[in-house]
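To keep things clear, I will list the structure first and then write my remarks on it.
The figures that follow rest on heavy atoms only: side chains count, while hydrogens, waters and symmetry mates do not. Below, read A as the first sequence line, B as the second, and so on, with proteins coming before strands; counting in each chain starts at 1.
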Amino acid sequence: MTTHAAARPQATSAFAVLYAEVQQFYAQQMQLLDQGACDEWAATFTEAATFDVPTLPEPVAGRAGLAEAARRTAAQLAESGTRHRHFMGMSHVEEQPDGSLSVRSYTTVYASRLGGESRVHRVCVCDDGLVRVDGALQVATRRVSRDDLA
Amino acid sequence: MTTHAAARPQATSAFAVLYAEVQQFYAQQMQLLDQGACDEWAATFTEAATFDVPTLPEPVAGRAGLAEAARRTAAQLAESGTRHRHFMGMSHVEEQPDGSLSVRSYTTVYASRLGGESRVHRVCVCDDGLVRVDGALQVATRRVSRDDLA
Amino acid sequence: MTTHAAARPQATSAFAVLYAEVQQFYAQQMQLLDQGACDEWAATFTEAATFDVPTLPEPVAGRAGLAEAARRTAAQLAESGTRHRHFMGMSHVEEQPDGSLSVRSYTTVYASRLGGESRVHRVCVCDDGLVRVDGALQVATRRVSRDDLA
């Protein structure tokens, strides 16, 4: 995101199709994660995807590792009677010369305690590299930053 | 939502039109509710719509009942000096063989006290069945779940 | 926003293009603000834009004033070890007869303290008048209301 809006009009039908597809993709991806469908969630990443998020001790690479990390988190949440909800939005989509997409989005993570309160857990920025595999979008690289960390 | 993104590419112009229409529809519907336009809000549902939400003691059916429930909530909020704001997003839209739409969305409800603080009130998942009446979308069925309830 | 959804079907390809463009525009505009790119942010407004928000003692007019107000806020946040994040959504877009756009959106502002908690700071409604300058969208008028103020 290096130029301002005035410099790059994007009102094309192709962009509208792409933008809707990206939003639908993220809606599905986050819903899979939040309902604990860890393998299906991992399948929205490329086979060798890299995932770098401050919550994990080190970057994860590959679907198996992603699914395992998701299962571990799901188990911890279940044990503590907590639900997480990943609300993503504000996606800024840039098509790259090689056809991949650079997408910067905001993600708020809400935490709810069963029988208790709901609150903001994390406020994150998510920088994705999306590619097309057999026609469908997948995340090849994800880098997440948290607003509460310096 | 039974398959993962890789299985169902959706990059068509028709889908983009539909997705934008759904987003615009929800924006208007929630804005009507939050500004207390209860009859106009109820008119975004079908005449015989069913609405099942944990906040109400039992499911509501029909526009008159919906408008009445909205008015009751609006009166309670006014009395307690509170404003609610329904922020929906993350919509996953699936067209059904009969032309209706199944839409799963996230909805965060914020509560603000006049002269006080704003906070997360509820984190919800909203499962809608949308149909077209005279060309425009309406909610035929809505089922809402809350993250803080088991 | 004076009529309900049933009265005005909008499922056209032109609307889908416009809706995607508006979302991309806001994503970029808010990301510029939140990363402290104050001049680039101000450039998403028209030269003579008016900006009326309860946080400022009086309405601001013109890019120079907007950039200065943004820099002042950025400096205060940096000093207090706080990050703000403007999460906009629920945009309802109406094209006016003169080609300008009236857009009503919700904006949640999150505040995170470095090394501390994240929370809801403000819940706002944002009423924009958007115009096209050299093909690209710019904000000509913005009026923001806060849910915590009467």
Side-chain angles (χ1 to χ4, degrees), chain B residues 13-32 34-35 37 39-47 77 81-91 105-121 130 132-139, chain C residues 1-24 26-27 54-55 84-95 101-111 117-128 144-150:
Chain B
S13 178
F15 180 75
V17 171
L18 190 63
Y19 201 83
E21 187 183 8
V22 167
Q23 290 182 299
Q24 173 92 338
F25 172 75
Y26 282 132
Q28 184 164 48
Q29 185 181 54
M30 296 298 169
Q31 289 178 12
L32 287 170
D34 293 334
Q35 68 192 29
D39 290 314
E40 292 84 349
W41 172 74
T44 64
F45 292 79
T46 61
E47 284 286 359
L77 289 172
T82 305
R83 275 204 189 101
H84 277 182
R85 192 66 60 187
H86 292 75
F87 200 121
M88 187 182 242
M90 304 294 289
S91 294
S105 309
Y106 288 172
T107 306
T108 309
V109 187
Y110 299 101
S112 300
R113 287 204 317 143
L114 296 179
E117 299 272 303
S118 294
R119 60 182 180 78
V120 175
H121 177 58
L130 301 184
R132 229 171 253 290
V133 180
D134 295 334
L137 296 176
Q138 293 184 356
V139 178
Chain C
M1 206 181 64
T2 53
T3 57
H4 59 75
R8 199 159 21 83
Q10 280 174 317
T12 67
S13 178
F15 180 74
V17 171
L18 189 63
Y19 202 83
E21 187 183 9
V22 167
Q23 290 182 299
Q24 172 92 336
Y26 282 132
T55 313
H84 277 182
R85 192 67 58 189
H86 291 74
F87 199 121
M88 188 182 242
M90 304 293 291
S91 295
H92 185 263
V93 177
E94 287 194 309
E95 208 161 1
L101 304 177
S102 293
V103 186
R104 168 168 287 191
S105 309
Y106 289 172
T107 306
T108 307
V109 187
Y110 299 101
E117 298 273 303
S118 294
R119 60 183 179 80
V120 176
H121 177 57
R122 300 290 183 215
V123 178
C124 303
V125 177
C126 180
D127 278 297
D128 275 2
V144 178
S145 64
R146 265 168 48 189
D147 275 12
D148 60 308
L149 300 179

(Q) Run the side-chain contact (heavy atoms from CB on, under 4.5 Å) test on C/Val120 and B/Tyr110 for me, step by step, so that the C-alpha distance in whole Å, both residues' side-chain angles and the decisive distance to 0.1 Å come before the verdict. (A) CA-CA 9 Å; C/Val120 176; B/Tyr110 299 101; 3.8 Å; yes
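- Remark: side-chain polar atoms of B/Gln24 are paired, donor with acceptor, to backbone N or O of C/Val93 under 3.5 angstrom.
- Side chain of B/Gln31 to backbone of C/Met90: a donor-acceptor contact under 3.5 angstrom is found.
- The distance from the CZ atom of C/Arg146 to the OG atom of B/Ser112 is 9.5 Å, given to the nearest 0.5 Å.
- Counting all heavy atoms, side chain and backbone alike, B/Val17 lies closest to C/Ser13 at CG2-CA, 3.7 Å.
- Considering only residues two or more places apart in sequence or on other chains, C/Thr55 meets the side chain to side chain donor-acceptor pair (under 3.5 Å) condition with none of them.
- Smallest separation of non-hydrogen atoms from B/Arg85 and C/Val123: CG-CG1, 3.6 Å.
- Annotation: maximal heavy-atom pairing with chain B below 4.5 Å, among C/Val125, C/Leu149, C/Leu18, C/Thr108, occurs at C/Thr108.
- Using a 30° and 60° split on the angle between ring planes, B/Phe87 and C/Tyr106 fall in the tilted class, from 30° to 60°.
- Residue C/Tyr19 comes nearest to B/Ala20 through the heavy atom pair CB-CB, 3.9 Å, listed as atom of the first residue, atom of the second, then distance.
- Atoms NE2 and OH, from C/His92 and B/Tyr26 in turn, are 14.5 Å apart once rounded to the nearest 0.5 Å.
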